[in-house]
Amino acid sequence: MTSDTRPDEDGAVAPAGRQRPPGHRVALRGDLRAAVPDAGAAVVVTVLVFALLWARMESGDSDTVAVMPFMDDPGTYWMYLLSQAFGWSALLWAWGTVMLGLLLSGPRPARLPVSRPVLERWHRTTSLTTMALMFAHALMFAAELVRYETKVDWAERLWVAFADTFVPGWYDSGTGQVAIPIGQGALYLAVPLGLLFYVRHRIGANTWRRLHRFVIVVYVLSVWHTLLYGTNVWYGEWPRTVLWLLQLPVAVLLLLRLLRPARRAERLGPLGGGAARPGWWLRAAGRVAAGAVVVGLVVVAVSGRDGGRDRPTHPPATAPHTQETD
């Protein structure tokens, strides 16, 4: 989740002001210290979201309760609400760090509100905060499962909660059978891809850069997980439409990043005669796909067909999954 602005593979050097001084190496320890204010802001946002979810559950307006009516007591299900709050903060921070990364690695804006090194530092610190929020989201979900599994001993409760939360394919109830592995995929990709930045001097800048491009996959999986499993955007109403609309600037920046990459080696250029180059076709396909996503998001916004479900007249009354028994 860090920018990939480095000298071109073909030897061209980026314009002045875009390179780090020779021998300069960004240390993880330093970024962790710099991330403290950012993480503090994330905690404040999480608390505010938690308070909002609690208030909506108490008032009877909670979409979570509409999906699962048995969860009408915030005092009992506070850990689930906190997991939701961490999840929404994680998605917000992921949105911000991806936007910064695309801004830094795409066409250089004529004017930036702050210096480029500051934007790069923000990009790195928001990336670290995003990873922490994602883990907290999963951890609180596991804690709620530990509380829920009351019919078995503590060792079994801990194992069931761990497996349901962190082992792909283990959770076997409802939409979670698909949504939870998608979320796990986002978490398990985010951590190594984010931390590889700090060892790029060992694996090589080109290798790191190629791997780093998969960060966009992490973000897509995160949004997909939310659309499938986020009960607050479960129904085809305005919160879900807003979530879709927030993806439009990401898709537009990605398209601009592909159409006008900062690095000369990534520019499409004419195909020319002779055999078609796989790399040229791959880059061209990426641009077409990004353009199709932009068009698709606009269609979703205009048509209102965002994949949401109809709010049922008689909502289900089942628990999230059957409790384990001896």
Side-chain angles (χ1 to χ4, degrees), residues 1 46 64 67-68 71 77 79-95 97-98 127-197 199 203 208 210-234 240 243 247 250 307 309 316 318-325:
M1 298 180 190
T46 302
T64 297
V67 176
M68 298 176 287
M71 296 184 69
Y77 293 98
M79 286 185 287
Y80 188 83
L81 292 181
L82 189 54
S83 174
Q84 286 186 319
F86 273 121
W88 282 110
S89 296
L91 190 62
L92 176 61
W93 254 254
W95 184 89
T97 197
V98 167
S127 172
L128 294 172
T129 302
T130 299
M131 287 185 276
L133 291 169
M134 292 172 73
F135 181 75
H137 168 60
L139 190 63
M140 293 311 303
F141 182 78
E144 169 58 32
L145 292 179
V146 171
R147 185 209 62 79
Y148 177 77
E149 301 290 359
T150 57
K151 295 185 178 181
V152 295
D153 59 31
W154 274 100
E156 186 69 14
R157 290 163 73 176
L158 290 171
W159 163 247
V160 169
F162 171 82
D164 279 347
T165 305
F166 295 104
V167 178
W170 193 275
Y171 195 91
D172 60 356
S173 176
T175 309
Q177 294 179 77
V178 176
I180 287 182
I182 290 173
Q184 291 164 340
L187 175 62
Y188 296 152
L189 280 174
V191 174
L193 289 176
L195 296 181
L196 276 176
F197 173 79
V199 295
I203 64 175
W208 168 78
R210 292 188 181 98
L211 291 173
H212 184 69
R213 292 166 185 162
F214 288 96
V215 167
I216 195 65
V217 176
V218 175
Y219 183 70
V220 170
L221 291 175
S222 300
V223 175
W224 191 7
H225 168 76
T226 305
L227 289 169
L228 282 177
Y229 211 53
T231 50
N232 305 112
V233 291
W234 190 280
R240 188 178 183 92
L243 179 59
Q247 312 319 312
V250 175
R309 312 178 191 199
T318 56
H321 66 284
T322 304
Q323 293 192 39
E324 300 290 333
T325 60

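Every value quoted in this text rests on a predicted model; they were computed, and no experiment measured them. In what follows, every heavy atom counts, from backbone to side chain, and hydrogens, waters and symmetry copies are set aside.
- The closest side-chain heavy-atom distance from Leu189 to Val215 is not below 4.5 Å.
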Query raised in the report: Do Trp88 and Asn232 pass the side-chain contact (heavy atoms from CB on, under 4.5 Å) test, and can you show the C-alpha distance, the side-chain angles, and the key distance before you say yes or no?
Result: CA-CA 10 Å; Trp88 282 110; Asn232 305 112; 3.2 Å; yes
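- Here the CD1-CH2 distance, from Ile203 to Trp208, works out to 9.0 Å after rounding to the nearest 0.5 Å.
- Counting only heavy atoms from C-beta outward, the side chains of Leu227 and Leu243 approach each other to under 4.5 Å.
- For the pair Asp153/Glu156, a side-chain contact is recorded, criterion being any heavy-atom separation below 4.5 Å from C-beta on.
- Closest of all the heavy-atom pairs between Thr97 and Ser127 is OG1-N, 3.5 Å.
- For Gln184, there are no side chain to side chain donor-acceptor pair (under 3.5 Å) partners two or more places apart in sequence or in a different chain.
- The shortest side-chain heavy-atom distance between Val146 and Met79 does not fall under the 4.5 Å cut-off.
- Atom CG of Asp164 and atom CH2 of Trp170 lie 8.5 Å apart (nearest 0.5 Å).
- With 3.5 Å as the limit, one finds a donor-acceptor pair spanning the side chains of Gln247 and Tyr219.
- Remark: Thr165 engages no residue in a side chain to side chain donor-acceptor pair (under 3.5 Å) (not counting sequence neighbours).
- Thr130 and Ala94 get closest at one heavy-atom pair: OG1-N, 3.5 Å.
- Of all the heavy atoms in Ala142 and Ala161, the pair that sits closest is O-CB, 3.3 Å.
- Taking each heavy atom of Arg240 and Trp234 in turn, the nearest pair found is NH1-O, 3.9 Å.
- Every residue meeting the side-chain contact (heavy atoms from CB on, under 4.5 Å) condition with Ala90, not counting sequence neighbours, appears here in chain and number order: Leu133, Met134.
- Residues meeting the side chain to side chain donor-acceptor pair (under 3.5 Å) test with Thr226, sequence neighbours left out: none.
- Residues in residues 134-146 take part in these side-chain hydrogen bond (donor to acceptor under 3.5 Å, both in side chains) pairs, two or more places apart or across chains: Ser83-His137, Glu144-Arg147.
- If you take OG1 on Thr64 and OH on Tyr80, they are separated by 6.0 Å, rounding to the nearest 0.5 Å.
- Put simply, CG on Leu211 and CZ on Phe197 are 14.5 Å apart, with the number rounded to the nearest 0.5 Å.
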Query raised in the report: When you look at Thr231 and Gln84, which way does the side-chain contact (heavy atoms from CB on, under 4.5 Å) test go after all the steps?
Result: CA-CA 9 Å; Thr231 50; Gln84 286 186 319; 2.9 Å; yes
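- In this view, Trp224 and Ile182, Leu221, Leu228 satisfy the side-chain contact (heavy atoms from CB on, under 4.5 Å) rule, not counting sequence neighbours.
- Note that CH2 of Trp159 and CG of Leu145 are 13.0 Å apart. Values are rounded to the nearest 0.5 Å.
- When side chains are defined from C-beta on, Pro168 counts as touching Tyr188, because their heavy atoms get closer than 4.5 Å.
- Closest of all the heavy-atom pairs between Ala186 and Val218 is O-CG1, 3.5 Å.
- Classification of the Phe141-Tyr171 ring pair by plane angle, with boundaries at 30° and 60°, yields tilted.
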**Report entry** Ile180/Thr175 under side-chain contact (heavy atoms from CB on, under 4.5 Å): CA gap, chis, key distance, verdict
**Finding:** CA-CA 8 Å; Ile180 287 182; Thr175 309; over 6 Å; no
